[in-house]
Each structure stands twice: as structure tokens, then as C-alpha cells.
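Structure, as C-alpha cells:
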Amino acid sequence: MNNRQVADIFSAMADMLDIQGANYHRIMAYRRAAENIAALGRPLEEVWREGQLTSLPGIGSTLASKIDELMRTGELEAYRDLQSEIPQGVVAMLHISGVGPKSAARFWKELGITTVAALEHAAQAGRLRNLHGFGAKSEQNVLDGIALFRRHTGRTRLGTAWPLAQKILAVLREVPGVVQAAPAGSLRRMRETVGDLDLLVASRDPQPVMNRFTRIPEVEEVILSGPTKTSIRTQEGFQIDLRVLEPARWGTALQYFTGSQAHNIRLRGLALDHGLSLSEYAFKREDAGTEPEEILCASEEEVYAAVGLPLIPPELREDRGEIKAALQGRLPNLIALDDLKGDFQFHTTASDGRSSLLEMAQSALASGLSYALITDHTHGLGVTGGLTVERLREQRKEIEAVNEQLAGSFRVLAGIEVEVHSDGSLDLPDDTLAELDLVVAAVHTGLRQDREQITGRMVAAIRHPHVDIIAHPTGRLIGEREGADLDMEAVFHAAAETGTALEINANPARLDLKDVHVRRAIELGVKLVISSDAHTVGAFADLRFGVATARRGWATAGDILNTRSAEDLVGP
DNA sequence: GCCGTTTTCGGCCCGACTGTTTTCAGTCG
């Protein structure tokens, strides 16, 4: 039973308890446990074997015994009981926007509706309005919610949401009276995907901002609009929320809307310990008998300082121990984009890239880098017209010519993205690999091999004496394909032992290693690189997403080899 | 159901917006 499976069970139990009307805090305990397990970064099973379950955040004796039951038997009686009490179609109703646990329970108990399809029929037949507190409008909202539920494509990749947010913010900054405009929410925390877009604007005159926002070309539908908040939906079904607030309250608002919700709950709890109530508008000091005194914060630094903390970077705000670390002065000094001196993977027209070596080198230089490792594919991958031993030798001459041309400002390092065969052997002979500055090895085929086989193959590549870096270790494609079923602990231990670096692939479709793996790898002493995997000029800008993923994994500059000079890494 | 530099019991974040209400419940984030 893996982390994802246990998290899903606890999350489903929370939903079912919610429909049952259980104690709110008990429900939250299940949800928090599910989130913490999903974000663990190491196998829950291992923690269970060590008997350390209750050392995990949000896991007490009751949930520990439930995890124990799951690990031992693969089943959970309490879960089965809930499933037998509540029709699964009723649980599915929670995914309909505007339908929560109370409504779902009433559709079931008062109208006997147990599936989303039956709910749709009932709404179309006008039967929902018979319920007390429901009218024709609520009925239509349910139908709209079901329609959205059907066409909803899930979460949007960071690489898609980021430029969209920047574009809209640029438009809003042009509106007279706008003082500040920034993304908030999971986008600002640089999560790999975002559910919706949260945008924040500071202005003393909100109405023109709202008016401008509802007229951007992306708008398909205005969901709601008030004096402080407007929500729209794009043609793709993507929701964008805009909040407008006074500049003097920017700090509390930005902090609040950046989240995560779990981080905010913890921060507000800490504020209460200081006798302060924190909202998106201000701190309030509750003194007996007097009108609460408001404390405004124009910056996030002031918000955190008010509860005795240094500013916590947005990427860390997931309630994964960052507040405790901040209290103890142990926050990591996170790596920043400016710290990168080089890149460790890019392609050219020699394989599946779109630009020449010179164009790529110039683009990398323009991105602020001083070196980059060229890593065209090898012949064995077939589809990309990869390099043979002969063509790789010819490329060496081109590298030397480019290095001569850019001498003093940029250096191309000679490398390869060598294919790892299904038996763990490499696609080029050792003597050829030995001539290169650095060797990157990658698995592109046979990702569905069973756990033992794929792990053995990966560990063989890590232990190969000429391999320096493993590219996109799990091979996942966000929203498209699960990663290989690797034993990540075995991979990390092998990498730590041999000094082989693991890649954080910055392509927004990959972000592989992902944040929790980065954090675990660092704990185990694994060295990491951030690679653009650029296939075209301009794609070096994707490095920002790789850096963000590293930051979400608590990485400092010392953990990431890109912060070192080319000379330091491979000599003059 | 979790958790503790005021607590092993009694707390557990806070507010906007909507739709239906004669003052508020539900949902969302």
C-alpha cells in the first residue's frame, strides 16, 4: 500500500464523514493526514515498519492504527463501513461546483438521489426546488455545475498558468489607480499545477479594475462579481479570481491569498497565541471591553514579523514544517534563479532540437548563463534521429568552433543524453562516453516495467562509472503519464553513494524530480542539477520552473550543482 | 481526530458571496 493509496482512502473518508455531518475538526484531521501523507516524500510503509507513524504531523494514535491495519491487511474496516453506508454517487456530487456535503446529503436523504446522473434528471424535471431553501436559481446552478464537472479537464500546468497570469496582470497594471498587481494562490507558491488562478490588485478605486478584468478576451462567463472579488471562467473552463484591496492592506491580503490554506490556518493559530486575530484585511488585537484595534500590514514581511517570524518564501508555505523551522531560525536559504551559472541539458538540430548549437548557446548566454551542457539524444532512441559515435565526434568540432567564437563569455560543455537500454546497459561504448565532459543518462522507453526491473535498470545507470547525471528520473508527464514505478529510496541511496547527480527537469510538463522527491533526495545527501531540457531558443527561461521546484523541495544553492562554475565541475 | 513554552481537555482561521431567506446556511478558498 503506497502513500497515494493511503492518502486517497483518508481523503475519501473525510468526504464521507462530511456527508454524514461528523464533527468538523474530525473531518479536517482526516484531510490533513491525507495531505501530509501525500507530501511525505518517503514511503509511509517504511515509517510504519520503523514504528514511527505518530511522529508524522497530523497522525495520532487513532490514525496510526488505521494505517497499521491498511499496511497489514490492505483493507480498513472503518473505510468499508463508510462505503456501505453512503452511496458512492453521493460522494461524487461533492465534485460538482456549488454542491457541498450538506446539499449532497439532502439530495440523497430527502429526494432519494444517489448518482450525479439522477441529480441532473431531477434538476431538469424541476424537482430540486421542492427542497426547503432551494429555488429555480439553485437548480440551474446544479445543472451548470454538472456541465462543468463533465467538461472539466483537471488542473492546469504551471507552465500554462504562469504566462497567462503575467499577461492579465500587465493589462490590469495599466488601469488608473492600480498600485500593485501580483499572482497569489498556488501559482505564487509555484505548485506544478494550479486549480484556478488567483490574482491580487491594490487600488483605492476597485470598480475600474473589475470592469477591465471582465472585458479581457479570455472571459467566457462572469461567475460572480462584488466590490472586492470577481471570478470569471475562460473558454477552457479555467477559473480566474481577482481581488482588489486597499494598498495599506496589501501585506495581509497577499499573505492570505497566497496560502496554502493549511499554512494560513497554522499562522492564524500562531497569531492567536500572540493575542492577535489575523484576516486578509488586518490583525486585530482583542482587548476586553474595547473596540478591537486594527494593525495594518502593507508588506508580507510585516505580517510574519508581527508573529515573530522571518518572511517565509511562498514556495515553502505548504504546512510541511516551515513555520516550526522559521520559529527555530532554521529556514533554508533557498536557491534563486540568479544563483544558476549553467544548464545541464539542451538539444540541437543534431537530434530533436529546433535550433542550431550556436543559436542555443547565444540564447543560454542571453539568459544569464555562462555555460551549458549539450545533450543530444543517442541513436538508440530511434525516433529522434539521435547521434551515432561518428556524428558525436563531428559535433565535437562544432562545439570547439562555438566555444572559440564565444570565448570569455560562454562555454558549451560536451555531453550526451545517452539512452539506458531495457537491461540497464547504455547506448554508447564506454570509450566514447569517456571523451565527454559530462554524461547524462535517461530512460525513455519501457517505463512500464515492473518495480524491481525498472529500479534495477535505473540503479545500474546510476552506478555506471561514466554516468554523471540521471535525466528526468521518473519519466512522468504531468496530467498525461504516471512516472515509472521506481523504488525512489533505492534510487536516492545509490545516487548518494556514487555521487551521481539527479536532475530536476525544468520543463513544465515534467518537473521531475518533483518537490517532495527533491526534499527527500537532499535529506539523503544526493546532489542535484536543474536542467532546462531546452529544445528551442527561449526555452532556457523554463529554468525558473526548475528553480521553483527546487525551492519547494527546500534546496539551497549548495545542493544544486548549477551554482558551481564550469571550471569547478569539469576543469579548464 | 490531533495536539500542548499557559493545556492530557478543550480548543481547533476567517471572511465574501449567493440564494433563499425575514436573519441565515451553505459553499468556497
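The sequence lines fix the lettering, A, B, ..., with proteins before strands; numbering per chain opens at 1. Below, all heavy atoms of this structure are taken into account, side chains as well, without hydrogens, waters or symmetry copies.
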> Does A:S279 have a side-chain nitrogen or oxygen under 4.0 Å from the phosphate oxygens OP1 or OP2 of B:dC13?
Replying inline: no
> Which label fits B:dT20, syn or anti, where anti is any glycosidic angle not within 90° of 0?
Replying inline: anti
> When you match A:A104 and A:H132 each to their closest nucleotide on DNA chain B, which lands nearer the 5' end?
Replying inline: A:H132
> Please give, in whole Å, the distance from B:dC12 P to A:L270 CG?
Replying inline: 15 Å
>> Are the side chains of A:L270 and A:I323 in contact, using a 4.5 Å heavy-atom criterion?
In response: yes
> Between B:dG1 and A:K66, is there an OP1 or OP2 to side-chain N/O distance shorter than 4.0 Å?
Replying inline: yes
> Given B:dC2, B:dG26, B:dG19, which nucleotide is nearest the side-chain atoms of A:S103?
Replying inline: B:dG26
> With both distances under 3.5 angstrom, what nucleotide forms a Watson-Crick or G-U wobble pair with B:dG26?
Replying inline: B:dC17
>> The side chain of A:S138 is closest to which nucleotide in this list: B:dC17, B:dT20, B:dG15?
In response: B:dT20
>> Can you tell me which nucleotide in B:dG19, B:dC13, B:dG1 comes closest to the side chain of A:R32?
In response: B:dG1
>> Check the orientation of A:Y304 and A:H263. Use parallel for under 30°, tilted for 30 to 60°, and perpendicular for over 60°.
In response: tilted
> For A:A14 and A:I27, which heavy atoms make the closest approach, and how far apart are they?
Replying inline: O-CG2, 3.7 Å
> Would you say the side chains of A:Q88 and A:Q83 form a donor-acceptor pair under 3.5 Å?
Replying inline: no
> Can you tell which of B:dT27, B:dC28, B:dC17 lies closest to the side chain of A:P101?
Replying inline: B:dT27
